[in-house]
Amino acid sequence: MSDRTQLTRTGETADTQRHAVAETASRGDRSGQDNRAVAEPAVEILEDAAGITLLADMPGVPRERVDVRLDGETLWIEGEADVLAPAGMRGLWAEVKVPRFRRAFTLSRELDAARIEAGVKDGVLTLRIPKQAHAQPRRITVSTG
């Protein structure tokens, strides 16, 4: 995957495309962040007339360990999965490290970052990012005369 991916609307020509969400490099962008390995969660981005829905696969990450933050125009999603061991037992050997997820997206100005809603269920983080009122389609009344 490239360090920067542009996500555009389908059905628009190259000269009329408006970029709603652009992915930014997610490795090494955060100052003060530790250097443990992270995985980029797979995402789906869906658009409708009212906004964008972003679905990120973060298996094993409970709500308490999900971090969604906005830094300027950059939306960061992070999480760390819990590894559950049976009560009274401790691990002697593990070939899989605790999965950590991190990904960043640059939001366009047509999106209303102040009204982002987030939820997690069954390992899927769902973000609803509404469009600004001026970016939503509206019907114009046509009068006679």
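What you see is a predicted model, and the numbers here were worked out from it, not measured in a lab.
- Asp82 places a side-chain heavy atom less than 4.5 Å from the side chain of Arg65.
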Inset, instruction - Take Thr53 and Thr126 through the side chain to side chain contact (heavy atoms under 4.5 Å, CB included) test and state the conclusion after the steps. - result: CA-CA 7 Å; Thr53 301; Thr126 302; 4.0 Å; yes
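- Shown are Val43, Ile77, Leu55; of these, the side-chain contact (heavy atoms from CB on, under 4.5 Å) with Leu125 is made only by Ile77.
- Using a 4.5 Å heavy-atom cutoff, the side chains of Glu78 and Phe101 are not in contact.
- Residues Ile129 and Val124 do not share a hydrophobic cluster, defined by chaining ILVMFWY side chains whose heavy atoms lie under 4.5 Å apart.
- Side-chain contact between Ile52 and Leu46: absent, with no pair of heavy atoms (C-beta onward) separated by less than 4.5 Å.
- Contact record, Ala81 with Pro59: CB-O, 3.8 Å, taken as the closest heavy-atom pair.
- In terms of heavy-atom proximity, Ile45 sits nearest to Phe105 at CD1-CE2, 4.3 Å.
- Of the inter-residue distances, the one linking Leu75 atom CG with Thr106 atom OG1 reads 9.0 Å to the nearest 0.5 angstrom.
- Using a 4.0 Å cut-off between charged nitrogen and carboxylate oxygen, Lys131 and Glu47 count as a salt-bridge pair.
- Applying the salt bridge (Lys or Arg N to Asp or Glu O under 4.0 Å) test to residues at least two apart or on different chains, the pairs with a partner in residues 111-121 are Asp112-Arg115.
- Taking both residues in full, the closest heavy atoms of Ala113 and Leu70 are given as CB-CD2, 3.2 Å, listed atom of the first, atom of the second, then distance.
- If you chain together hydrophobic residues whose side chains sit under 4.5 Å apart, Val68 and Met58 fall into the same group.
- When all heavy atoms are compared, the tightest approach of Pro137 to Ala49 is CD-O, 3.4 Å.
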